[in-house]
Amino acid sequence: MKKRLKSIVCIMMCMMVLLAMTACGNKNKDTDREGKQVIRVGVSWHEKQNVNVTVWSEYMQKFGEEKSSEYGVEFDWIEVVGDGTPVQETSNIQDLINQQVDVMVIWCNNAETIGESIKKAQDAGIKVVTLDHQDSGKLADAHVGQETYEQAVTASEALADILEEDGVESAKAIELFGSTGDPNSVNRSDGWAKVEEDRGMWETVTTVPTEWKTENFKSGLSNALAANPDAEVLFLASDFAFPAVQSALEEAGRWVRRGEEGHMYICTQDINPEAYPAFVDGYIDAGIAFDNIAHAEKIVEVVADLYLGNPVEKENWVITPVVTADNIETEPSVWARDYLETK
């Protein structure tokens, strides 16, 4: 009787182990009606107040639909949006972990602090892709972003050429910096400084930290212009807040097109919809587009490859060409042009 009881217990334990293994093996095997595997993609936005995030989100879903047949999978996007604070971001990512998503895409608030959340997701068996802001420890399974140092160098070189062409020498420059917690800000500032040193066309007399806050672009530039009324050059870490920049220039009497007396030579990064009209009208001289659409397409490809176990590059960089008055209305990477036409 005891031998029989032991046999029954042994059989039951084996069945329980088998069921547990089956459940674990099926975690990532959800399928749609056509039998395609469904990738549950958790997307953590640290905030969603600017158009860049809207474009990323819209085009990730668009490319997901287009590439579904190519990869033989369906994409189920689960988005969470923070309030711009690391605390809410951490909570949102934990929610995605609890939902047992297959792959996570993170646009983080701070590259220094996001590492702990990335490790928690990976410990739960979730592949992690960082977008735009790479975590400082490079813990994520893959990163998709702009090569922002080269972005700044290329745009700054173009501005130096324009200054040379117009006979402007030894100009005073104002730099509107982004945030010290954002590696893209640091990269762009370093690229600007590199060209300043190499070409000697300007001297940056003041660097204004903005922390990516629109009001700081306006107040910071206004104060810088008041202290340096003879400044001729302006470098923008990003132009998402360009209306604030324009307002400050207008109030200082410096909202002047190239070729007219008092023109402020502007080198910008991103060419967002907020800045595109001013670029076309001759107020901005040189820049580089931040190609959100190319980012979105690469995110879809990286997510699918990670899920399917295909080889994936650790760092996936988007590189775009310089934009000046010569190609602002034709360069394909300037997505703001087509975006504004649809609105």
Side-chain angles (χ1 to χ4, degrees), residues 111 132-134 136 145-210 212 217 220-221 224-225 227-240 242 245 249 254 256-259 262-272 275 278-279 282-291 294 315 317-328 331 333-334:
D132 183 26
H133 299 157
Q134 187 174 28
S136 58
Q146 191 98 355
E147 222 302 5
T148 45
Y149 177 80
E150 287 301 324
Q151 181 188 23
V153 167
T154 304
S156 302
E157 287 282 5
L159 183 72
D161 291 342
I162 289 170
L163 293 173
E164 197 169 76
E165 181 182 333
D166 288 1
V168 178
E169 298 179 351
S170 303
K172 291 183 178 180
I174 297 169
E175 177 185 4
L176 294 186
F177 184 84
S179 168
T180 53
D182 179 357
N184 290 336
S185 300
V186 177
N187 289 342
R188 288 168 175 171
S189 185
D190 288 347
W192 171 252
K194 170 66 174 172
V195 178
E196 177 178 337
E197 180 181 357
D198 289 349
R199 298 290 295 271
M201 300 298 295
W202 63 81
E203 177 190 0
T204 300
V205 294
T206 183
T207 297
V208 181
T210 66
W212 296 133
F217 278 80
L221 180 55
L225 287 170
N228 303 277
D230 55 345
E232 297 178 86
V233 173
L234 175 62
F235 177 75
L236 304 179
S238 177
D239 52 33
F240 74 92
F242 196 78
V245 172
L249 290 171
R254 302 300 301 276
V256 181
R257 290 182 174 88
R258 183 185 175 193
H263 174 63
M264 174 70 75
Y265 288 88
I266 300 176
C267 179
T268 191
Q269 306 292 280
D270 298 343
I271 314 181
N272 283 301
F279 210 135
Y283 293 99
I284 300 175
D285 302 279
I288 295 283
F290 190 86
D291 197 343
E315 298 176 323
W317 300 113
V318 172
I319 300 175
T320 52
V322 69
V323 177
T324 65
D326 295 333
N327 65 341
I328 180 60
E331 167 54 40
S333 63
V334 183

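All values below were derived from every heavy atom in this structure, side-chain atoms included, with hydrogens, water molecules and symmetry-related copies excluded.
Judged by distance alone, with hydrogens and angles left aside, the side-chain atoms of Thr210 form no donor-acceptor pair with the main-chain N or O of Leu176 at under 3.5 Å. Without hydrogens or angle criteria, Asp190 side chain to Ala152 main chain gives no donor-acceptor distance under 3.5 Å. No donor-acceptor distance shorter than 3.5 angstrom exists from the side chain of Thr204 to the backbone of Ile174, with no hydrogens or angles considered. Proximity of a side-chain donor or acceptor of Glu175 to a complementary backbone N or O of Phe177 within less than 3.5 Å is not detected. Looking at Glu147, its side chain does come within 3.5 Å of a backbone N or O of Glu150 through a donor-acceptor pair. No donor-acceptor distance shorter than 3.5 angstrom exists from the side chain of Gln151 to the backbone of Gln146, with no hydrogens or angles considered. A donor-acceptor pair is defined here as one N or O able to donate and one able to accept, closer than 3.5 Å; no such pair exists between the side chain of Asp230 and the backbone of Lys172.
Using modelled atom types, one finds a donor on one side chain and an acceptor on the other under 3.5 Å when comparing Asp285 with His263.
Between Met201 and Val168 the shortest heavy-atom distance is CE-O, 3.2 Å. Residues Ala160 and Val195 come closest through the heavy atom pair CB-CG1, 4.5 Å. Heavy-atom minimum distance, Gly178 versus Ser185: CA-OG, 3.4 Å.
A salt bridge links Arg188 to Asp270: at least one charged side-chain nitrogen sits closer than 4.0 Å to a carboxylate oxygen.
Between Phe240 and Phe217, the two ring planes are perpendicular [angle over 60°; tilted spans 30° to 60°].
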